[in-house]
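Beneath this line is the structure, given in structure tokens, with notes to follow.
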Amino acid sequence: MVEDPAARALLYDRYAGALYNMVLQLVPVKHRANEVIVKVFNWAFHHIGTFHSSGYQTLFAWLMRKAREFAIKEVVPESALTGTELIKQEEGILQRFYLVLPTDQQQVFRLSYFKGLSIATIARLLALPEEQINDILGDAMRSFRQFLKDTWN
Amino acid sequence: MELKFYIESGIIESFVLGLASEAEVEELQHMRRLYPELNTEVEFVERRLERAAFDEPVLPPAEIRDRVLQKIRWDHNSGGHFGDNNSNYTFINIQPKDGDHITVHRWWKIFFIIFFIMSKVFLFLAIFYYLKYRQSQEQRSDLLPAHYQQEQVQSRSL
């Protein structure tokens, strides 16, 4: 992959738009989202050999997982954002899904997916037992399954 | 029935989004080995998500494409192969090879600047405290004779 410029360009051209959409939902600041995209593809070109052992069935899901990992590191506190640099935060499949969730699931899903916090940290933040957080996240995932099925089956 | 319940629990969606814990991922991989049909279900979920993202793509700025493809070219070339067969660029190594030059990390620059500033600060403090010390010594020597005179007057009167 690293040696083949055509393959690299093909991978980028096929997935960059879809991935950028997902990244902007996590990092609504354009220049930071751009950095995430550069990192993801640079990583992918060097680690394409690990795709088959990753457990993912599609390249998109494999790339999306890594993009989220990089994006979480780029996440800035919401209080530090100004109106001009925020873009498209309210759009995208995961943002739309987030908006249809009940309040408790919204809170846990936001902290878990968008902020990348662990179950233990969320439990501490919300002053709830970890089991309860696990249950709420489980409910959110069941809702997500239904959401995907209803919209893109 | 048990498998259907497992699938409906949302564990696959959790895995695909990267929210599953290590234990849950291990359990899912174990279940995939036991029930290969789970792989099809994982693919369904990934395809749905992929379709959703492809339905509303947002193209990154054009310069990002250049950066991504350029960066990997540089990374590849820095491995010792200057120029590749498909490249239109000619790389010229302008680093001198006479053995009189060394290459150091950029942090050394910051280190030397801090070191230089600190040395100036300490030099200033050293001069300042030396002058202050001299001044106090002079004040003491001015005071001492008067003190002795006073002691002598007192001893005579006794």
Side-chain angles (χ1 to χ4, degrees), chain A residues 1-6 8-9 12-13 15-24 30 33-34 37-38 40-42 45-46 55-62 64-66 68-69 88 91-94 109 112-113 116 118-119 134 137-146 148-149 151-153, chain B residues 7-26 28-29 32-33 38-77 79 81 84-87:
Chain A
M1 172 68 80
V2 174
E3 285 85 12
D4 187 351
R8 295 191 309 254
Y12 181 89
D13 291 340
Y15 293 106
L19 280 177
Y20 197 51
N21 174 14
M22 305 302 276
V23 170
L24 283 174
K30 204 175 171 188
N34 294 347
I37 291 294
V38 173
V40 171
F41 280 99
N42 191 34
F45 295 152
H46 284 99
Y56 286 95
Q57 299 286 312
T58 63
L59 269 175
F60 173 75
W62 180 68
M64 195 188 95
R65 167 75 188 268
K66 200 66 198 176
R68 180 174 169 267
E69 276 181 38
K88 292 188 81 67
E91 292 177 26
I93 175 186
L94 289 161
F109 183 72
S112 178
Y113 183 78
S118 67
I119 295 293
N134 261 322
L137 193 58
D139 291 341
M141 287 299 97
R142 273 187 285 279
S143 305
F144 185 55
R145 181 174 175 76
Q146 200 54 49
L148 278 180
K149 268 175 136 176
T151 324
W152 286 276
N153 204 10
Chain B
I7 292 170
E8 292 299 327
S9 72
I11 183 68
I12 295 172
E13 285 74 11
S14 181
F15 166 72
V16 171
L17 289 181
L19 302 184
S21 66
E22 275 182 36
E24 286 171 335
V25 172
E26 264 179 42
L28 178 64
Q29 304 303 8
R32 285 168 80 169
R33 281 192 292 275
L38 261 177
N39 289 326
T40 315
E41 194 57 41
V42 172
E43 190 174 345
F44 276 153
V45 173
E46 291 184 14
R47 293 274 176 220
R48 281 180 200 134
L49 197 56
E50 184 176 332
R51 215 175 309 148
F54 272 78
D55 271 359
E56 43 195 35
V58 182
L59 280 180
E63 67 263 21
I64 297 304
R65 186 181 192 278
D66 296 338
R67 271 184 66 194
V68 166
L69 301 178
Q70 186 73 24
K71 185 171 171 51
I72 202 77
R73 190 178 294 137
W74 277 99
D75 287 350
H76 179 51
N77 286 337
H81 306 287
D84 62 50
N85 296 335
N86 301 317
S87 173

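Quick caveat, the model's predicted, so the values are computed rather than measured. Order of the sequence lines fixes the chain letters, A, B, ..., with proteins taken first and strands second; residue numbering starts at 1 for each chain.
Judged by distance alone, the side chain of Arg32(B) and the main-chain N or O of Gly55(A) form a donor-acceptor pair under 3.5 Å.
Looking only at side-chain heavy atoms (C-beta outward), Met141(A) and Leu17(B) come within less than 4.5 Å of each other. The shortest distance between side-chain heavy atoms of Phe41(A) and Ile64(B) does not fall below 4.5 Å.
The greatest number of non-hydrogen atom pairs below 4.5 Å with chain A, out of Leu19(B), Ile11(B), Leu59(B), Ile12(B), is found for Leu19(B). Across Glu43(B), Arg47(B), Glu63(B), Glu56(B), the residue that shares the most heavy-atom pairs under 4.5 angstrom with chain A is Glu56(B). Here Ile93(A) is the residue among Leu19(A), Ile93(A), Leu137(A), Val40(A) with the most heavy-atom pairs under 4.5 Å with chain B.
Nearest heavy-atom pair across Arg65(B) and Ala9(A) is NH2-CB, 3.6 Å. Taking all atoms of both residues into account, the shortest heavy-atom contact from Lys30(A) to Pro61(B) is CE-CG, 4.0 Å. Nearest approach of Leu49(B) to Met64(A), heavy atoms of both residues: CD2-CE, 3.4 Å. Residue Val58(B) comes nearest to Leu24(A) through the heavy atom pair CG1-CD1, 3.8 Å, listed as atom of the first residue, atom of the second, then distance.
Both the backbone and the side chain of Tyr113(A) come within contact range of chain B, judged by heavy atoms closer than 4.5 Å. For a residue to count as touching a neighbouring chain, one of its non-hydrogen atoms must lie under 4.5 Å from one of that chain's; by this rule Phe15(B) touches chain A with backbone and side chain alike. For chain A, the nearby parts of Ile7(B) are the backbone and the side chain; heavy atoms of each come within less than 4.5 Å. In this structure, chain A has heavy atoms under 4.5 Å from both the backbone and the side chain of Asn39(B). With a threshold of 4.5 angstrom between heavy atoms, Gln29(B) approaches chain A through side-chain atoms but not through N, CA, C or O. Proximity to chain B is absent for every atom of Asp139(A), based on heavy atoms less than 4.5 angstrom apart. With a 4.5 angstrom heavy-atom cutoff, Ile119(A) does not touch chain B via any of its atoms.
Atom CZ of Arg48(B) and atom CZ of Arg145(A) lie 6.0 Å apart (nearest 0.5 Å). Between the OG atom of Ser14(B) and the CZ atom of Arg142(A) there is a distance of 11.0 Å, given to the nearest 0.5 Å. In this structure, the separation between CZ on Arg67(B) and CG on Asn42(A) is 10.0 Å, given to the nearest 0.5 Å. Here Asn21(A) contributes atom CG and Asp55(B) contributes atom CG; the two are 10.0 Å apart, rounded to the nearest 0.5 Å.
Applying the side-chain contact (heavy atoms from CB on, under 4.5 Å) test between Glu46(B) and each of Tyr56(A), Trp62(A), Phe60(A) identifies Tyr56(A) as the sole match.
For Phe54(B), the CZ atom sits in a packed shell: over 12 heavy atoms of surrounding residues, nucleotides or ligands are nearer than 6.0 Å.
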- May I have the step-by-step check of salt bridge (Lys or Arg N to Asp or Glu O under 4.0 Å) for Lys149(A) and Glu13(B), ending in yes or no? CA-CA 11 Å; Lys149(A) 268 175 136 176; Glu13(B) 285 74 11; over 6 Å; no
- Please lay out, stage by stage, how Val68(B) and Phe45(A) fare under the test side-chain contact (heavy atoms from CB on, under 4.5 Å). CA-CA 10 Å; Val68(B) 166; Phe45(A) 295 152; 3.5 Å; yes
